[in-house]
S.K.: 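Below is the structure I would like to discuss, written out as structure tokens.
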Amino acid sequence: MCTTCGCGTGQTLIAGHAHSHDHAHDHDHVHGHDHTHDHAHDHDHGPAAPVGAHAPGISQARMVRIERDILSKNDAYAQQNRDYFVAHGIFALNLVSSPGSGKTTLLVKTIAALNGSVPLAVIEGDQQTDNDAARIRAVGASALQINTGKGCHLDAWMVGRAASQLSLRDNSLLLIENVGNLVCPAGFDLGEAHKVAILSVTEGEDKPLKYPDMFRAADIMLLNKCDLLPYLAFDAALAEENARSVNPLVRVIRTSATSGEGMEEWLVWIREGCRRAAAAASK
């Protein structure tokens with residue numbers, strides 16, 4: 001369970017294999033082996049209540065220690081992922097947003113626009129169904145679905161496990177679509193090069209102020225569904241101002257998968273990142 005929000009435990013399904021979430025594990029993932037595991041891998045996602053709550057039999061100090069232990073383990077797995085990605089020239093992006101922001105549609109359009117010019121794979125995170133992975137595969141990209149059950153975010157071990165199953169190519173692009181949630185994914189490093197926050201114009205301009213950790217962690221924000229701006233009372237300039245108030249360095253691109261607005265700028269940013277990742281790996 002996540003100590004950030006107190007969501008319940010459950011099973012994570014990665015490519016059809018069940019993984020229960022009860023205690024920590026020490027299996028290598030992205031690198032170091034090619035075999036698969038058919039038995040359960042247990043993840044300690046913390047106590048039965050969020051930090052600050054009064055869980056029976058668990059003190060506040062104990063809960064804080066559990067949270068630190070969870071994040072420490074996650075960070076260790078994230079560093080393993082990052083080391084592998086960097087060594088192999090893989091440009092990994094962690095796409096985060098509220099549900100319904102248009103992440104998957106934007107990914108589909110992005111993959112179609114890249115048109116095979118960059119080798120890529122996609123990891124899809126949802127609580128249930130493989131609908132999004134199916135949409136990605138329909139445009140010809142390799143995709144693996146992670147179902148987190150009651151879990152509210154992907155963690156670094158899940159991503160490492162999924163990446164090993166995808167057999168990522170050197171000098172490629174890895175797109176990770178996280179579970180729709182602007183809270184918990186902010187605190188879990190996956191080993192990505194950048195977090196990409198997607199804010200749709202059908203949401204409030206104050207989202208960056210309400211969820212500052214997420215927008216502070218992001219290097220780029222896609223202000224999405226901009227084709228709807230003429231029909232909404234949404235102040236795009238204010239949304240950008242709010243994002244920069246919590247993260248002065250965030251880059252903002254206004255996008256629309258429907259009209260194509262901002263897509264070329266977004267694609268150029270991706271291609272430049274892939275080029276830099278490949279160049280760094282070749283040194």
S.K.: Locate the shortest heavy-atom distance separating G125 from Q145; write the atom from each residue and the value.
M.R.: C-NE2, 4.0 Å

S.K.: What are the two closest heavy atoms between S98 and E203, and how far apart are they?
M.R.: OG-OE1, 3.0 Å

S.K.: Report yes or no: do S256 and D227 form a side-chain donor-acceptor pair below 3.5 Å?
M.R.: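 Their side chains do contain a donor-acceptor pair, which is all the 3.5 Å distance test asks for.
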
S.K.: Begin from the C-alpha positions of L232 and T202 and carry the test side chain to side chain contact (heavy atoms under 4.5 Å, CB included) through to its verdict.
M.R.: CA-CA 8 Å; L232 301 171; T202 55; 4.1 Å; yes

S.K.: H194 versus W269: any side-chain heavy-atom pair under 4.5 Å?
M.R.: yes

S.K.: For L168 and F85, what are the C-alpha separation, side-chain angles and deciding distance, and is it a side chain to side chain contact (heavy atoms under 4.5 Å, CB included)?
M.R.: CA-CA 9 Å; L168 302 176; F85 296 153; 4.0 Å; yes

S.K.: Have R135 and T105 got a donor and an acceptor in their side chains that come within less than 3.5 Å?
M.R.: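 Yes - a donor-acceptor pair under 3.5 Å links their side chains.
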
S.K.: Below 4.5 Å, heavy atoms only, C-beta onward: do L182 and K210 meet side chain to side chain?
M.R.: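 No, their side chains stay 4.5 Å or more apart.
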
S.K.: Linking I/L/V/M/F/W/Y whenever any side-chain heavy atoms sit under 4.5 Å apart, do V179 and M214 land together?
M.R.: no

S.K.: Could you check if a side-chain atom of I123 sits within less than 4.5 angstrom of a side-chain atom of E177, using non-hydrogen atoms only?
M.R.: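 They are not in side-chain contact.
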
S.K.: Over all heavy atoms of both residues, which pair between I136 and A143 is shortest? Give the atoms and the distance, please.
M.R.: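 Closest approach of I136 to A143: CG2-CB, 3.7 Å.
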
S.K.: Count the heavy atoms of every other residue, nucleotide or ligand shown that sit under 6.0 Å from NZ of K207, and state whether that count exceeds 12.
M.R.: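 Yes.
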
S.K.: Should Y211 and V250 be regarded as members of a common hydrophobic cluster, given that ILVMFWY residues are connected when their side-chain heavy atoms come within less than 4.5 Å of each other, either directly or indirectly?
M.R.: yes

S.K.: Determine the sole option in I220, V196, N224 for which the side-chain contact (heavy atoms from CB on, under 4.5 Å) test with I253 is passed.
M.R.: I220

S.K.: Could you give the distance from CD1 (I146) to CD (Q165), rounded to the nearest 0.5 Å?
M.R.: 8.5 Å

S.K.: Check whether N247 reaches the backbone of F215 with its side chain - one donor and one acceptor, N or O, closer than 3.5 Å.
M.R.: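 Looks like yes, one N/O pair under 3.5 Å.
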
S.K.: Can you tell me which residue among L144, N147, L107 is in a side-chain contact (heavy atoms from CB on, under 4.5 Å) with E124?
M.R.: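 So the option named by the test is L107.
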
S.K.: Please check if any side-chain donor atom of N94 sits under 3.5 Å from a side-chain acceptor atom of N178, or the reverse.
M.R.: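 The answer is yes; a qualifying pair exists.
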
S.K.: Side chains of L199 and P208: does their closest heavy-atom pair fall under 4.5 Å?
M.R.: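 Yes - at least one pair of side-chain heavy atoms lies under 4.5 Å apart.
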
S.K.: Atom CZ of F91 and atom CG of L173: how far apart are they, to the nearest 0.5 Å?
M.R.: 7.5 Å

S.K.: More than 12 heavy atoms of other residues, nucleotides or ligands under 6.0 Å from CZ of R169: yes or no?
M.R.: no

S.K.: Quick one: are E205 and N242 in side-chain contact, heavy atoms under 4.5 Å?
M.R.: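 Of all side-chain heavy-atom pairs linking N242 with E205, at least one is under 4.5 Å.
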
S.K.: Working to the nearest 0.5 Å, report the span between OH of Y77 and CG of D155.
M.R.: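 Nearest 0.5 Å value for the OH-CG distance: 9.0 Å.
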
S.K.: Is the shortest heavy-atom distance from the side chain of C274 to the side chain of N171 under 4.5 Å?
M.R.: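 C274 vs N171: side chains apart.
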
S.K.: Using the rule that two of Ile, Leu, Val, Met, Phe, Trp, Tyr join whenever any of their side-chain heavy atoms come within less than 4.5 Å, decide whether V118 and V139 are in one cluster.
M.R.: yes

S.K.: Does the side chain of L93 reach to within under 4.5 Å of the side chain of I176, using non-hydrogen atoms?
M.R.: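 Side chain of L93 against side chain of I176, heavy atoms only: no contact under 4.5 Å found.
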
S.K.: Can you tell me how far CD of E192 sits from CD1 of I90, rounded to the nearest 0.5 angstrom?
M.R.: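 Rounded to the nearest 0.5 Å, the CD1-CD separation comes out at 14.0 Å.
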
S.K.: Identify the two heavy atoms, one from K103 and one from S101, that lie closest to each other, and give their separation to 0.1 Å.
M.R.: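 Shortest heavy-atom contact: CG-OG, 3.4 Å.
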
S.K.: Should the ring pair H153 and F188 be called parallel, tilted or perpendicular, given that the plane angle runs from 0 to 90° and is split at 30 and 60?
M.R.: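 The arrangement is parallel - the two ring planes meet at less than 30°.
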
S.K.: Evaluate K109 against T258 for side chain to side chain contact (heavy atoms under 4.5 Å, CB included), listing each step before the verdict.
M.R.: CA-CA 9 Å; K109 294 291 186 178; T258 300; over 6 Å; no

S.K.: Starting from L166, can I reach L154 by hopping between I/L/V/M/F/W/Y residues whose side chains sit under 4.5 Å apart?
M.R.: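 As far as the 4.5 Å side-chain criterion goes, L166 and L154 are connected within one cluster.
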
S.K.: Given the rule in the side chain to side chain contact (heavy atoms under 4.5 Å, CB included) test, do V201 and C226 qualify, once you have shown the distances and angles that lead to the verdict?
M.R.: CA-CA 6 Å; V201 301; C226 281; 4.2 Å; yes

S.K.: For the backbone of L209 and the side chain of D206, can you confirm whether one donor and one acceptor N or O come within less than 3.5 Å of each other?
M.R.: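 No; zero donor-acceptor contacts below 3.5 Å.
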
S.K.: Please confirm whether the backbone N or O of L238 pairs with a side-chain atom of D235, one donor and one acceptor, at under 3.5 Å?
M.R.: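 Indeed, once roles are kept as given, a pair shorter than 3.5 Å links the two residues.
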
S.K.: When hydrophobic residues are tied together by side-chain contacts of less than 4.5 Å, even through go-betweens, does L228 share a cluster with W266?
M.R.: no

S.K.: Between E265 and R251, is there a salt bridge with N-O shorter than 4.0 Å?
M.R.: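 Salt bridge flag = yes for E265 with R251.
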
S.K.: Once you round to the nearest 0.5 Å, how far does OG of S259 lie from NZ of K225?
M.R.: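 The NZ atom of K225 is 13.0 Å from OG of S259, to the nearest 0.5 Å.
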
S.K.: Please give me the minimum heavy-atom distance between V86 and A281, naming the atom from each residue.
M.R.: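 Closest pair (atom of V86, atom of A281, distance): O-CB, 3.4 Å.
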
S.K.: Distance check, rounded to the nearest 0.5 Å: L190 atom CG versus K195 atom NZ?
M.R.: 6.0 Å

S.K.: What I want to find out is whether D189 reaches R82 closely enough, with some N-O distance under 4.0 Å, to be called a salt bridge.
M.R.: yes

S.K.: What heavy-atom pair brings R254 and A237 nearest, and what distance separates the two atoms?
M.R.: NH2-N, 3.7 Å

S.K.: Between D83 and Q79, is any side-chain donor less than 3.5 angstrom from a side-chain acceptor?
M.R.: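 Yes, a side-chain donor-acceptor pair sits under 3.5 Å.
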
S.K.: Any heavy-atom pair between the side chains of M263 and T110 that's under 4.5 Å?
M.R.: yes

